[in-house]
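Okay, so here's the structure we're looking at.
Side chains included, hydrogens not; waters and symmetry mates left out as well; all remaining heavy atoms used. Quick note on labels: first sequence line is chain A, next is B, and so on, each numbered from 1.
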2 protein chains.
Amino acid sequence: MAELAAAQSVNNMALERPIDRQGVARPSVRSERRVTSYDVAMLAGVSQSAVSRCFKPGASVSKSTYARVMKAAAGLDYIPNAAARSLITRRSNMVAVVISQLANLYYPEALAELSQQIARRGKRVLLFTMQHESDVEAILADIWQYQVDGAIVAAALTDAQVEEFERRRLPLVVFNRNLRGQSVNSVLCDQYEAGRLLASKLAAAGHRRFGIIAGPADSPVATERRNGACERLQELGLPPPVIVTGQFDYASGVLGVRQIVAQGGVPDAIICGNDVMAIGCLDCARQELGIDVPGRLSVAGFDAVEPSNWLSYNLTTLRQPIHNMALAAADLLTSLIESHGGTAEKRTFAPQFITGATARLVPATAADPLAA
Amino acid sequence: MAELAAAQSVNNMALERPIDRQGVARPSVRSERRVTSYDVAMLAGVSQSAVSRCFKPGASVSKSTYARVMKAAAGLDYIPNAAARSLITRRSNMVAVVISQLANLYYPEALAELSQQIARRGKRVLLFTMQHESDVEAILADIWQYQVDGAIVAAALTDAQVEEFERRRLPLVVFNRNLRGQSVNSVLCDQYEAGRLLASKLAAAGHRRFGIIAGPADSPVATERRNGACERLQELGLPPPVIVTGQFDYASGVLGVRQIVAQGGVPDAIICGNDVMAIGCLDCARQELGIDVPGRLSVAGFDAVEPSNWLSYNLTTLRQPIHNMALAAADLLTSLIESHGGTAEKRTFAPQFITGATARLVPATAADPLAA
DNA sequence: TTGTAGGCGTTATCAC
DNA sequence: GTGATAACGCCTACAA
């Protein structure tokens, strides 16, 4: 009886709705209406709010209502409109991911991991890529517009930019960038320490004359790696290395080793700002310059990207635990979104040394069994 | 005079609004209000519509109003809410990009290009990645929800799935997948032809005994390349190749060549489903099996990803014109979005043969100057 | 459990 | 050029 009454009132609504929504006064521009929860409600003989509840996980709906609604929804191909939902819930379930230089081999790996972790948490990735880190400003404007729930940024941000995230109360996790002195949530690998570690290992093996093929000057990661290595070499009282700058690409590695050799002869070891440059350096040294690596020259890189592990290279390098870093970034961001803030946290991961076979890592005499 | 009256009526509104929007009946859950166009209007002393118009490119606003509004907006850090906008305009300015296996080296390059082209057209990328192409179904549900303006999908779609795009009038461009018999807008490289071309080139050089390290069975691209090669070999009356299957990764190339050699001895040539497998095959053949490439064995791949061009490899391969394909995909999608459909179009790009140095491409006698 | 009603923040329409 | 007003499609107290 009550059910009948309900159905009837619903039917009244159903009859009236078309007039409400597309009656005489209906704007002529609206070419085609979308299927909305009202349509579903009409077909199912329930109220619109009932439909809404059916699509909300923990809502209280009777079995029969649920079934009727779902059947109607399926019949109409109804899917809730995320824009409308986010308007009222203030949750878009979108996360902005800002990443530079997808050409860099390291970044695709990071992006793949991040994307997966974010999806696993029921959120979508709004992707922003940039050619140069300086493009970030324009991207931020987009981010504010799109009502994302948070952002993971793999680019250097200025103090003002970080502050704007705070002002807008938008959870932010900085990925792989150490914003010194800023209280920002960040997930990173200690690049400075990585640089020091590599220098230490090579110096311990007796290398004295170093070359460095550094990454671009506007890359904080490149700068930290270079500084870490340089300062460690200095601490150890070794002569200052020959430093050239590259663009993180293969050609830069090739060019770099040529320049270094031209400038001061073949050094004992070359530290490259990333693996791809190290591979370029290695290929050029061996195949063009005819230098024995690691016999005469040691070459090392950073990142442990996939090709560094290929048989032709087996590069001595430092791995960033990308998987764990992506996991941490997603976790951190999620908790920030849920809890609406908290104190800034820096999760630093230690780089992992990969021995490889492109660097001599023991003193020369011990390394060569023939000399023993 | 008129201006004063306007300002006054605005002020009335301004005074009333707070009551409307967060008065007694205001829900207690709403923790913090956002800055809206009403706030800007209030501060600037204009109506909310005026503010809205100021943020719409081609709208008619007086200089002075515009200036006042912009100043107020800047002061309040106001940015229009894209969700609200898309609700009424039915335009989100978001494009879904669905892509599989970011680990595949080819895909990051494609994604980078796509992302750039889409951004250049004033749209954002909503990224969906998947481990297996079969995950696409779940992703589609997300796509419907998020009101994207269109989608670029680099995955195989079933007829039903394509049909659903049509039913929802959602512009779709299929990237790098040939959905035979379906009338879908697509941008692709002729993989079948690429397979044939490679087989022809190798056969022309006198290779007779072939091995194939194919890509995974669920990958249409892999299947087409393999079929193209196989059918061409058959046409030419050559013996059936030894075929093994891999996963498009380096290890599969290594394993593949071992299997092929174990099964039927060293063949004349091995065609690999993509470059990374070809590189694995190459490394293993040369360094583990001690086979002279290209002297004794020719190796070729597909895609011309960056590492294929490195000195250590200089792979014989087929390039897909990724840049142009991304351009075409973005153009096609954009025009579909603007024009609301049209007839299905297939833009097919020809693969470009990269000679490289891992395959002997002239008959053996002519190739060897000593034999002449 | 269910329906009613109000609001999320914007754009579009239409008088003025 | 400008301001009221009605959507857009949904969520959510609140009352029943």
Side-chain angles (χ1 to χ4, degrees), chain A residues 2-3 5-10 12-13 17 20-23 25-30 33-41 44-56 59-66 68-69 78-92 145 147, chain B residues 2-3 5-10 12-13 17 20-23 25-30 33-41 44-56 59-66 68-69 78-92 145 147:
Chain A
E3 215 167 11
Q8 220 148 31
S9 90
V10 162
N12 287 343
M13 179 204 74
R17 271 215 88 257
D20 282 342
R21 291 169 65 95
Q22 50 180 358
R26 166 189 165 222
S28 54
V29 174
R30 297 274 164 276
R33 284 187 53 240
R34 291 177 176 170
V35 176
T36 75
S37 52
Y38 279 97
D39 302 314
V40 176
V46 298
S47 75
Q48 183 271 334
S49 52
V51 176
S52 177
R53 281 190 209 98
C54 288
F55 283 90
K56 180 179 174 175
S60 84
V61 200
S62 73
K63 277 282 176 214
S64 75
T65 302
Y66 183 83
R68 277 218 308 272
V69 167
Y78 169 76
I79 299 263
N81 180 324
R85 169 181 292 164
S86 86
L87 195 54
I88 192 152
T89 60
R90 285 138 184 268
R91 273 290 167 83
S92 63
Q145 276 203 23
Q147 312 299 119
Chain B
E3 213 169 12
Q8 218 149 34
S9 87
V10 163
N12 289 342
M13 178 205 74
R17 271 213 89 256
D20 283 340
R21 291 168 65 96
Q22 48 180 0
R26 166 190 166 220
S28 54
V29 175
R30 297 276 164 275
R33 285 188 53 241
R34 291 175 176 171
V35 177
T36 75
S37 51
Y38 278 97
D39 303 314
V40 177
V46 298
S47 75
Q48 184 272 337
S49 337
V51 176
S52 176
R53 277 193 288 267
C54 287
F55 283 90
K56 180 179 174 177
S60 84
V61 200
S62 74
K63 277 281 176 215
S64 75
T65 302
Y66 183 82
R68 277 221 306 274
V69 167
Y78 170 76
I79 300 262
N81 182 322
R85 168 182 293 164
S86 86
L87 193 54
I88 190 147
T89 60
R90 286 138 181 268
R91 273 289 167 83
S92 63
Q145 275 203 23
Q147 311 300 119

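For Gln48(A) against dC11(D), a side-chain N or O and a base N or O form a donor-acceptor pair under 3.5 Å.
Interatomic distance, Arg85(B) CZ to Arg91(B) CZ, rounded to the nearest 0.5 Å: 12.5 Å. A distance of 12.0 Å separates CZ in Arg53(B) from OG in Ser37(B), rounded to the nearest 0.5 Å.
In terms of position along DNA chain C, the nucleotide closest to Asn81(B) lies nearer the 5' end than the nucleotide closest to the other residue of the pair Asn81(B) and Arg53(B). Residue-to-nucleotide proximity on DNA chain D shows that, of Tyr66(B) and Val35(A), the 5′-proximal contact is made by Tyr66(B).
Between Ser62(B) and dT2(D), a side-chain N or O to OP1/OP2 separation shorter than 4.0 Å is present. The side chain of Tyr38(B) places no N or O atom within less than 4.0 Å of a non-bridging phosphate oxygen (OP1 or OP2) of dT11(C). Contact check, Lys56(B) against dT10(C): no side-chain N or O comes under 4.0 Å of OP1 or OP2. Contact between the side-chain N/O atoms of Ser52(A) and the OP1/OP2 oxygens of dC10(D) is not found at any separation under 4.0 Å.
At a threshold of 4.0 angstrom between heavy atoms, the contacts of Ser49(B) include nucleobase atoms, whether or not backbone atoms are also involved. Note on Val51(A): nothing from the nucleic acid sits closer than 4.0 angstrom, heavy atoms only. Contact annotation for Thr65(B): backbone-only contact, meaning every heavy-atom pair under 4.0 Å involves sugar-phosphate atoms and none involves a base.
Between the CZ atom of Arg85(A) and the C1' atom of dG9(C) there is a distance of 18 Å, rounded to whole Å. Atom-to-atom, CZ of Arg91(B) to C1' of dA12(C) comes out at 15 Å; the value is rounded to the nearest Å. Atom CG in Leu87(A) sits about 12 Å away from atom P in dT12(D), given to the nearest Å. What separates CG of Asp39(A) from P of dC10(D) is a distance of 9 Å, to the nearest Å. With rounding to whole Å, Arg90(B) atom CZ is found 12 Å from dT11(C) atom C1'.
Nearest heavy atom pair, residue Thr65(B) against residue Ser62(B), reads OG1-OG, 2.8 Å.
You'll find that the side chain of Val61(A) is closest to dT2(C), out of dG9(D), dT2(C), dT10(C). Closest to the side chain of Ile88(B), out of dG3(D), dT12(D), dA7(D), is dA7(D). Checking dT10(C), dT1(C), dG9(D) against every side-chain atom of Arg34(A), the shortest atom distance belongs to dG9(D). The side chain of Ser47(A) has dG3(C) as its nearest neighbour among dC10(D), dT11(C), dG3(C).
Under the side-chain hydrogen bond (donor to acceptor under 3.5 Å, both in side chains) criterion, Ser49(B) pairs with no residue at all, not counting sequence neighbours. In this structure Ser52(B) satisfies the side-chain contact (heavy atoms from CB on, under 4.5 Å) test together with Gln48(B), sequence neighbours excluded. Every residue two or more places apart in sequence or in another chain was checked for a side-chain hydrogen bond (donor to acceptor under 3.5 Å, both in side chains) with Ser86(B), and none qualifies.
Around atom OH of Tyr66(A), no more than 12 heavy atoms belonging to other residues, nucleotides or ligands sit under 6.0 Å away.
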Decide yes or no on side-chain contact (heavy atoms from CB on, under 4.5 Å) for Val51(B) and Val46(B), but give the supporting numbers first. CA-CA 7 Å; Val51(B) 176; Val46(B) 298; 4.0 Å; yes
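For the helix from dT1(C)-dA16(D) to dC16(C)-dG1(D), the axis fitted to the five pairs at one end and the axis fitted to the five pairs at the other end meet at an angle of 30° (nearest 10 degrees).
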